[in-house]
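For reference, the structure is listed below as structure tokens.
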Amino acid sequence: MTDIKVFEGITSVSFNERLNGSVAAFRVFDKIGANGIDIDMISLDLALNDTLFAGFTLSDSDLAKLLPLLKSENITTPAVNCGNVKFVVKSEDMINTPGYAAKVFSALGSAGCVPLLVTTAVDEISVLVRDSDSADVGKALEKLFV
């Protein structure tokens, strides 16, 4: 059985940080937690030239609390995208089943949607899409899994 949950009003935040010994992104995550901001869909990637790419999502309503925390760590040019929709596809059938994620990407493709962010777990795929794509993505996922 596949469970699909939908969360509206989601902001994505991403930034690049040149690493020079300490990692500001880690301090930012400490401050975010200490300020009661719930983040999700965390993505960290060490790109070329010792540059860390960090991305995550949070509720649109927490953005005003987040921005000063980023600024306090000299992260002054984050890419911020508000008003998105997160789909969470969860199924124990994903465990040790090659091609399951491909089905989700196929549904996104059939809806004409390019996701803003994707994270996975053993039995779960979270996909962040623009609000304008959400109805088509929802229909495509339901058609595929329900």
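Just so you know, these numbers use all the heavy atoms, side chains as well, and skip hydrogens, waters and symmetry mates. All values derive from a computational prediction rather than experimental measurement. Sequence positions, counted from 1, serve as the residue numbers for this chain.
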Could you tell me whether Lys65 atom NZ has more than 12 heavy atoms of other residues or ligands within 6.0 Å of it?
yes
Got Phe87 and Leu108 here, is their nearest side-chain heavy-atom distance under 4.5 Å?
no
Are any non-hydrogen side-chain atoms of Leu69 and Ile37 less than 4.5 angstrom apart?
yes
Per the salt bridge (Lys or Arg N to Asp or Glu O under 4.0 Å) rule, what does the pair list look like for residues 40-55, sequence neighbours excluded?
Asp40-Lys86
Listing, residues 96-103 side-chain donor-acceptor contacts under 3.5 Å, not counting sequence neighbours, or none:
{"residue": "Thr97", "atom": "OG1", "partner": "Asp93", "partner atom": "O", "Å": "2.3"}
{"residue": "Thr97", "atom": "OG1", "partner": "Ile95", "partner atom": "O", "Å": "3.3"}
{"residue": "Tyr100", "atom": "OH", "partner": "Thr2", "partner atom": "OG1", "Å": "2.6"}

Mark yes or no for whether Asp60, through its side chain, and Gly83, through its backbone, hold a donor-acceptor pair below 3.5 Å.
yes
Taking every heavy atom of Leu63 against every heavy atom of Cys82, the minimum-distance pair comes out as CD2-SG, 3.4 Å
As an exercise, state the distance from CG of Leu116 to CG of Asp133, rounded to the nearest 0.5 Å.
8.0 Å
Heavy-atom check, side chain of Val85 versus side chain of Val137, under 4.5 Å:
no
Name every donor-acceptor pair, under 3.5 Å, that has one atom in a side chain of residues 118-127 and the other anywhere in the protein, sequence neighbours excluded.
{"residue": "Asp123", "atom": "OD1", "partner": "Lys90", "partner atom": "NZ", "Å": "3.2"}
{"residue": "Asp123", "atom": "OD2", "partner": "Lys90", "partner atom": "NZ", "Å": "3.1"}

Side-chain contact, heavy-atom cut-off 4.5 Å: Phe7 with Thr57?
no
Flag the pair Val6 / Ser134 as yes when at least one side-chain heavy-atom distance between them is below 4.5 Å, and no otherwise.
no
Answer yes or no: are there more than 12 heavy-atom neighbours, outside Phe26 itself, under 6.0 Å from its atom CZ?
no
Between the side chain of Glu73 and the main-chain N/O of Arg27, is any donor-acceptor distance below 3.5 Å?
no
Would you say Ser91's side chain and Met1's backbone share a donor-acceptor pair under 3.5 angstrom?
yes
